[in-house]
Amino acid sequence: MQTWLMKSEPDEASIDDLERAGRLPWTGVRNYQARNFMRDEFRLGDRVLFYHSSCPEPGIAGLAYVASAPYPDPTQFDANSPYFDSKSTPTNPRWLLVDVHFDRKTALLPLQALKEHPGLATLRILKRGNRLSITPVTDAEWQVLEGLLA
DNA sequence: GCCAACGTTGGC
DNA sequence: GCCAACGTTGGC
């Protein structure tokens, strides 16, 4: 099973929102690399580390899993959505998403703690200039994180 | 609000 | 296909 780290701004969708809903469509990905991960590499049941970004306490806030195959992100067709893309059409959609299902909340594992752990030095999200909202997490990295999130 | 880093756009 | 300008991300 592959593990993914997925960033969300808690103002938009937090781990609490996901817990309430049970399952949410991961709307708003507008980066081709992140889209391609969902399209080409996501599998049902893949583990998701739910990361809160652009907020007072950035860090991993919970666990979830991939709960659908990729399908077109409906917000790209909605002229009233901030994610509207005028160049995308239903017959030729640019942007995809998957549904993500709640697993559990964890004690917040802050970005600072990720940075300080030697076993996580390779974590993609810590690389300088990283901006990808979806990044793969290696098995070795997951082993470390699993311990920290226990 | 600042700023580094990166992606995208569009003229040529 | 180059590359400058611009927009976005996201921690601080």
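Quick caveat: nothing in here was measured; it's all calculated off a predicted structure. Residue numbers begin at 1 in each chain, while the letters A, B, ... track the order of the sequences.
For the residue pair A:Asp78 and A:Phe84, the shortest heavy atom distance occurs at O-CB, 3.1 Å. Counting all heavy atoms, side chain and backbone alike, A:Leu96 lies closest to A:Met38 at O-CE, 3.2 Å.
Only one option out of A:Glu9, A:Glu19, A:His52 pairs with A:Ser14 in a side chain to side chain contact (heavy atoms under 4.5 Å, CB included); it is A:His52. Shown are A:Trp4, A:Phe42, A:Trp26, A:Tyr32; of these, the ring-ring contact (aromatic ring centres under 6.0 Å, His included) with A:Phe37 is made only by A:Trp4.
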Is there a salt bridge (charged side-chain N to carboxylate O under 4.0 Å, His left out) between A:Asp73 and A:Arg30? Walk through the geometry before answering. CA-CA 10 Å; A:Asp73 180 343; A:Arg30 295 295 180 271; 3.1 Å; yes
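Across all strands shown, A:Arg30 has no heavy atoms under 4.0 Å from either base or sugar-phosphate atoms. As judged by a 4.0 angstrom heavy-atom cut-off over every strand, A:Lys127 is placed among residues making no nucleic acid contact.
Nucleotides of DNA chain C with any atom under 4.0 Å from a heavy atom of chain A span, from 5' to 3', C:dG7 to C:dC12.
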